[in-house]
Participant: 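Encoded as structure tokens, here's the structure I'll be asking about.
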Amino acid sequence: LLTRFIAVLIYLVALLLCVIPIFPVMIYMAFVLQAIMLENKHYGKAIGRSFSIVNKNFWQIVLIGLVIGIMYMIVSRIITLPISGISAFKTIKSIIQNGGEIDPSAMGNMYTNMYGETGILAAVISAITVILAIVYTIILNIAMTIKFINIRNLREGTDLLKEIETEKNIGQRTIIE
């Protein structure tokens, strides 16, 4: 937890210095959580491990983030656009009924139509957006973890199957003892 706090502080310092440096910092710190969870590294060691893993794979990590981010945006727009379109359609319909003149209250009607007295559409859009954000975060973390293991295996020759077997053997010895 403290390591993540330190990482967030580094993000904020980079953001204060300039907005542009935040993006490379975010990429280089993409594997901090994986270093903590998979290798039990903390503080500077987790951050250093993330930097070393990303070092020669910077553009691959950028591509993973972009592809998953673009997929998230497309899916969220496809799902929420029809719901938002209902209120826009009602507003356009009222403009047409007024003979094509734009009534300033039409924009207010758009929000009234969208949120209504009960706010059902707003609640539905918010719920869908939250669910999609959760799914996006899970997918991004899974993809980054797989990439972390892949890079680690390619660089260091660690074999995931050997690690699994070692864990099984340790677990069996503990049960037998």
Side-chain angles (χ1 to χ4, degrees), residues 1-16 18-88 114-115 119-168 171:
L1 184 64
L2 184 59
T3 304
R4 188 66 181 154
F5 179 73
I6 292 170
V8 169
L9 282 177
I10 292 172
Y11 289 157
L12 292 175
V13 168
L15 185 62
L16 290 175
C18 186
V19 174
I20 300 207
I22 192 73
F23 298 110
V25 169
M26 287 171 55
I27 301 302
Y28 275 104
M29 296 184 73
F31 294 126
V32 169
L33 292 177
Q34 286 78 7
I36 294 168
M37 299 302 291
L38 299 176
E39 296 182 347
N40 201 26
K41 296 185 187 266
H42 297 285
Y43 313 113
K45 289 182 180 181
I47 294 168
R49 180 68 170 154
S50 181
F51 271 72
S52 70
I53 290 285
V54 172
N55 197 19
K56 293 184 180 176
N57 300 287
F58 182 84
W59 292 109
Q60 291 177 5
I61 308 307
V62 169
L63 186 62
I64 289 171
L66 282 176
V67 167
I68 293 174
I70 290 170
M71 287 174 25
Y72 166 72
M73 288 189 319
I74 291 171
V75 169
S76 66
R77 295 307 168 247
I78 288 172
I79 292 174
T80 58
L81 191 60
I83 296 170
S84 301
I86 293 170
S87 62
M114 184 171 179
Y115 300 114
I120 293 173
L121 284 177
V124 169
I125 290 172
S126 296
I128 290 171
T129 303
V130 168
I131 291 168
L132 287 174
I134 291 169
V135 170
Y136 164 74
T137 303
I138 292 169
I139 291 171
L140 183 62
N141 280 318
I142 290 170
M144 295 305 278
T145 301
I146 291 169
K147 189 62 183 172
F148 176 84
I149 292 169
N150 176 261
I151 293 170
R152 186 179 70 175
N153 288 346
L154 290 172
R155 275 199 189 162
E156 300 166 5
T158 56
D159 189 10
L160 186 60
L161 293 176
K162 287 180 185 175
E163 289 180 24
I164 291 172
E165 285 299 320
T166 303
E167 291 295 324
K168 276 186 184 177

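Computed over heavy atoms, backbone and side chain alike; hydrogens, waters and symmetry mates excluded. Residue numbers count from 1 along this sequence.
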Participant: Can I get a per-line list of side-chain donor-acceptor pairs under 3.5 Å for residues 130-148, giving both atom names and the distance, sequence neighbours left out?
Facilitator:
from	atom 1	to	atom 2	distance (Å)
T137	OG1	A133	O	2.8
N141	ND2	T137	O	3.1
T145	OG1	Q34	NE2	3.2
T145	OG1	N141	O	2.7
K147	NZ	Q60	OE1	2.7

Participant: Name all residues meeting the side chain to side chain contact (heavy atoms under 4.5 Å, CB included) criterion together with V62; count only those two or more places apart in sequence or in a different chain, and write none if there are none.
Facilitator: I27, F58, W59, L66

Participant: Scan residues 33-57 for pairs that pass ring pair (Phe, Tyr, Trp, His ring centres under 6.0 Å), counting only residues two or more places apart or in two chains.
Facilitator: Y28-F51

Participant: For residues 47-57, which residue pairs qualify under side-chain hydrogen bond (donor to acceptor under 3.5 Å, both in side chains), counting only residues two or more places apart or in two chains?
Facilitator: E39-R49, R49-E156

Participant: Please output the side-chain donor-acceptor pairs of residues 70-78 that fall under 3.5 Å, not counting sequence neighbours, one pair per line with the distance.
Facilitator:
from	atom 1	to	atom 2	distance (Å)
S76	OG	Y72	O	3.1
S76	OG	M73	O	3.0

Participant: Hey, could you give me the CD1/OG1 distance between I36 and T3, rounded to the nearest 0.5 Å?
Facilitator: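 One finds 4.5 Å between CD1 of I36 and OG1 of T3.
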
